[in-house]
Amino acid sequence: MRRGQGSADTSYAGRMIVRAALLGLAGGQAVKDAVTSAPGIGDIVTRFAAGESDDDALRATSDLQDEGFDVTLDYLGEDTLDRVQAEQTAGAYVRILSRLADAGLAPRTEVSVKLSAVGQALPGEGAELATDNALAICEAAKDAGTTVTLDMEDHTTTDLTLASLAALRKDFPDTGAVLQSYLHRTEADCRDLAASGSRIRLCKGAYREPESVAFQSRADIDRSYVRCMKVLLAGEGYPMFATHDDRLISIAEALTRRYGRGPDTYEFQMLYGVRRDEQRRLLGAGEAIRVYVPYGTEWYGYLVRRMAERPANLSLGLRAILDRQ
Ligand code: FDA
């Protein structure tokens, strides 16, 4: 073993253990109740989300735009099995899009939508309902002068989400989607979607996935990310590099030059509250950078994924909770 390699492996293994533990726990109602009612949890939530109301979302959007960032807003919520709730979520997107337009913020703010939040998981009619709800959101986005990007969830939904994307793009060709480099299939999906007008957000992937469908090691996931970047940059679409990883960001900067991409033909994206230093550095270097801003009351699943990505966030969270007991 080379000098230094041991500690990197240990820290990565530790991270994976926390990640597995957290993602495994996330589904339990008892754990959810304990976390959501813990004193001090609000402080942690506001580190990663703009707040619970439309006003909070608009305020964060305006502040970010004043600094020079573009924004994508995510109305928090996922996995609903209730048709009414799915329609309410779609309504919340329509409402915020109209308020963004009224405030003059829409041209630089798109919205990110999880299809499971607008009905995809409903038995039988789910896929159709989610696509219809997403169509209503796309219509509102077009009226406001902006676009929609479909978030990608666990691998059992990838085909359904890409089928919805194809349906939405017939009327709204600028609808974007997320692809996850940890999935074996993603390089081929990038090839299929690297066409003119196609907006693809490339990320590593945030769900716990089995070996049969996903790369498990950091090195394999990163190598896949680089292969996917090359496919997207060689194509005619608009790639959106969603990562906080220094190494991948440097590679992206070098590849965009190698592929002769102008600054308005791709963008970087990062999560609200994560690596603000790097967000500002990229902005200063003349790159377009969009911040993914979640808001709303259903923050639990989102927060658990952010904690699972980084043990330091977990200790921050636990410390804040314990300090208030
Ligand atoms: P990695 O996890 O290796 O992190 C690199 C470095 O960034 C870390 O060492 C740390 O310094 C910092 N960092 C990363 N995450 C952090 C955190 N939570 N808190 C503090 N520091 C952190 N996933 C998905 O499955 N479906 C989706 O639709 C999306 N959508 C999406 C949109 C956008 C705009 C982004 C940026 C990300 C997503 N993701 C996602 C999440 C994505 O898959 C991934 O889990 C995270 O971005 C973390 O991966 P990185 O590429 O940042 O690398």
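Whatever order the structure lists ligands and atoms in, that order sets their numbers, starting from 1.
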Can you list the ligand 1 atoms lying under 4.0 Å from a non-hydrogen atom of [X]?
{"X": "Val178", "value": "27 (C), 28 (O)"}
{"X": "Leu271", "value": "33 (C), 35 (C), 36 (C), 37 (C)"}
{"X": "Arg306", "value": "18 (N), 41 (C)"}
{"X": "Gln269", "value": "34 (C), 36 (C)"}
{"X": "Met270", "value": "36 (C)"}
{"X": "Gly205", "value": "25 (O), 42 (C), 43 (O), 45 (O)"}
{"X": "Gln180", "value": "24 (C), 25 (O), 26 (N)"}

For [X], which part has a heavy atom under 4.0 Å from ligand 1: side chain, backbone, both, or neither?
{"X": "Arg275", "value": "side chain"}
{"X": "Val274", "value": "side chain"}
{"X": "Asp151", "value": "both"}

Would you say that Asp151 contacts Arg201 through its side chain, given a criterion of any heavy-atom pair below 4.5 Å between the two side chains?
yes

Using heavy-atom distances only, which candidate in Glu278, Arg247, His244 approaches atom 7 (O) of ligand 1 most closely?
His244

Regarding atom 32 (C) of ligand 1: of the candidates Met152, Arg201, Arg47, which has the closest heavy atom?
Arg201

Could you check whether any heavy atom of Arg218 sits closer than 4.0 Å to an atom of ligand 1, since that is the contact criterion I want to use?
yes

On the 0 to 90° scale, with breaks at 30° and 60°, tag the Phe215-His184 ring pair as parallel, tilted or perpendicular.
perpendicular

For Asp70, enumerate each residue passing the side chain to side chain contact (heavy atoms under 4.5 Å, CB included) test, keeping only those at least two apart in sequence or located in another chain.
Arg108, Arg290

Flag the pair Tyr272 / Tyr292 as yes when their ring centroid distance falls below 6.0 Å, and as no otherwise.
no

Salt-bridge test for Glu139 and Lys142: reply yes if a basic N is under 4.0 Å from a carboxylate O, no otherwise.
no

May I ask you to say whether Arg191 pairs ionically with Asp189, meaning some side-chain N is under 4.0 Å from a carboxylate O?
no

Would the distance check show the side chain of Gln120 and the main-chain N or O of Val118 forming a donor-acceptor pair, the cut-off being under 3.5 Å?
no

Is a side-chain donor or acceptor of Tyr259 paired with a backbone partner of Gly235 at a separation under 3.5 angstrom?
no

For Leu122, which fellow cluster members are found when Ile, Leu, Val, Met, Phe, Trp and Tyr are connected by side-chain heavy-atom distances below 4.5 angstrom, either directly or through intermediates?
Leu129

Do ligand 1 and Tyr182 have nitrogen or oxygen atoms that lie under 3.5 Å from each other?
no

